[in-house]
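Residue numbering restarts at 1 for every chain, and letters A, B, ... go by the order of the sequence lines. These figures come from a predicted structure and were not determined experimentally.
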There are 2 protein chains.
Amino acid sequence: MAVLSFQLNNHLFVRDPQHTQLGQNIISKSVEMIDRLGFEQFTFKKLAEEIESTEASVYRYFENKHRLLLYLVAWYWSWIEYRIDLATNASQPAEERLKTAIDVIVEEKKFDPSFAFVDEVALHRIVVSELDKTYLTKWVDKDNQEGLFGGFKSLCKKIAGIVTEINPKYPYPNSLISTVLLAAKQQAFFSVHLPSLTNVSQDTNGAEQIHSFIKRLVFDTIKS
Amino acid sequence: MAVLSFQLNNHLFVRDPQHTQLGQNIISKSVEMIDRLGFEQFTFKKLAEEIESTEASVYRYFENKHRLLLYLVAWYWSWIEYRIDLATNASQPAEERLKTAIDVIVEEKKFDPSFAFVDEVALHRIVVSELDKTYLTKWVDKDNQEGLFGGFKSLCKKIAGIVTEINPKYPYPNSLISTVLLAAKQQAFFSVHLPSLTNVSQDTNGAEQIHSFIKRLVFDTIKS
DNA sequence: GTGTTTATGATAGTATTACTATTATATTTG
DNA sequence: CAAATATAATAGTAATACTATCATAAACAC
């Protein structure tokens, strides 16, 4: 199996973690720990202990833990976009491509052996719980200027483009896609923690229900 | 003008802040400060300085700053529900009531003199920026058990009920309403900070565009 | 009006966090 | 082999999120 890596905005890190053993340890252990502890309880000190390194060493890869989260989330969106690209091709009708994109966004994640040191299932849970924390900070504007949200913006733009192909007159393609990208995560979260805010069940049907909810939402509004 | 107050879940506070001068100072000053500093930068120590009291005294009203945020957000949702109740009546057709509810959710907020010590405009901005932080924590389940999200759940249920009146066969009323309640906030945030994720402009048309986006989204999907 | 409860203020202290700095020791590279 | 670089080890700092104690002032009960 070919070993792939994503070219991420290099403001996300101080030193690229994909290229060294320590860097890869930082990534894979932090995914596991943020998933287990939650982002607030996760610290570089605890991480350093578990990878048997030091806090100072971790700081040589990431300026702070917020940037590490941004990195992980950027990686996630790159991975999603890559999988949408794999699953679609330009010769398909736009509606087909939009359906596929929604499939990829909502579907239950499985470990992807192309990226050995990233546990995509845990990373998906992290994105569900922590995504909003990447931009709901006092640094949004600065982070945005540095292009740290590029992965999310690029994905949103790509799918919004398909919406416009289907109905060039629909006036809110970006709003629609950003809404459903977030809604997919939120409904998954609610199904576990605040079930009265959703009609999605927590069991294995959940992904399918979110899928059907969102597909209907999108197609109803762009085709009306 | 009659002075009103909301009966909020009493797990939200240690001592009810509406009943004392110090309590009211805590509320109004924390609204101003969280709006100005952001929730992370806001601390009880800074608050105590500004109201010329002490940290220990603030802790006699709120267990911690997370509960204070929950309190403010609960207050906000109670206020929204109250205003929807004012603006609708049971004799109206369901579609009319749903439109009105969306109006109230999206509309630009103005100071409401019925609640003298709360600056609703600032509180609205707080909810836009900080709402997700109320439930994206390791305490969600505990907080939920204590009923601290009651305001949001109650509002969601009420509006979802109207959706079901309009189309009893629509299978996702709660998901739809929780999605649009959050989308209204997110699109407002994006219009300011991440404009490429939205088609809503930052100027005074913004609220109207969000309104039109959401009204169309809701009615298209429940009437299809 | 005295005594008692209750609210607040003043002050101190603790563990944890999010860093920064320095120096020593490996490891890689030229 | 020398020089550069990466990492480890250790220490230190300011801020945060509390907890605890005691004094005083206001309110309220009789």
Nearest whole angstrom, please: distance from the [atom2] of [N] to the [atom1] of [X].
| X | N | atom1 | atom2 | value |
| --- | --- | --- | --- | --- |
| A:Gln21 | D:dT7 | CD | C1' | 14 Å |
| A:Arg67 | C:dA18 | CZ | P | 16 Å |
| A:Lys65 | D:dT16 | NZ | C1' | 13 Å |
| B:Phe62 | D:dC18 | CZ | P | 14 Å |
| B:Glu63 | D:dT16 | CD | P | 21 Å |
| B:Tyr59 | D:dT19 | OH | P | 7 Å |
| B:His19 | D:dA26 | NE2 | P | 22 Å |

Can you pull the salt bridge (charged side-chain N to carboxylate O under 4.0 Å, His left out) pairs that have at least one residue in [range], sequence neighbours excluded?
| range | result |
| --- | --- |
| residues 115-125 of chain A | A:Asp35-A:Arg125 |
| residues 196-205 of chain A | none |
| residues 172-187 of chain B | none |
| residues 191-200 of chain A | none |

Results of side-chain contact (heavy atoms from CB on, under 4.5 Å) for A:Phe6 - residues two or more places apart only: A:Leu8, A:Trp75, A:Ser78, A:Trp79, A:Tyr82, A:Phe115
side-chain contact (heavy atoms from CB on, under 4.5 Å) partners of B:Asp16, counting only residues at least two apart: B:Phe13, B:Gln18, B:His19, B:Tyr71
Qualifying residues under salt bridge (charged side-chain N to carboxylate O under 4.0 Å, His left out), relative to B:Lys133, sequence neighbours excluded: B:Glu40, B:Glu130
Residue list, salt bridge (charged side-chain N to carboxylate O under 4.0 Å, His left out) with B:Lys110, at least two apart or on another chain: none
Produce the list of close N/O pairs, under 3.5 Å, pairing protein atoms with atoms of nucleotides 9-11 of chain C; give distances to one decimal.
{"residue": "C:dG9", "atom": "OP2", "partner": "B:Ser53", "partner atom": "OG", "Å": "2.3"}
{"residue": "C:dG9", "atom": "OP2", "partner": "B:Ser57", "partner atom": "OG", "Å": "3.1"}
{"residue": "C:dG9", "atom": "O6", "partner": "B:Arg60", "partner atom": "NH2", "Å": "3.1"}

Residue-phosphate contact under 4.0 Å: B:Arg15 side-chain N/O, C:dT8 OP1/OP2: yes
Residue-phosphate contact under 4.0 Å: A:Tyr61 side-chain N/O, D:dT7 OP1/OP2: yes
Angle between terminal axes - the helix from C:dG1-D:dC30 to C:dG30-D:dC1, 5 pairs each end, rounded to 10°: 20°
Within residues 24-47 of chain A: residues closer than 4.0 Å to DNA chain C (heavy atoms): A:Thr43, A:Lys46
Residue pairs involving residues 148-159 of chain A (criterion side chain to side chain donor-acceptor pair (under 3.5 Å); sequence neighbours excluded): A:Glu81-A:Ser154, A:Glu81-A:Lys158, A:Asp85-A:Lys158, A:Asn144-A:Lys153
Ion pair B:Lys29/B:Glu32, N-O distance below 4.0 Å: yes
A:Asp143/A:Arg67 ion pair, N-O < 4.0 Å: yes
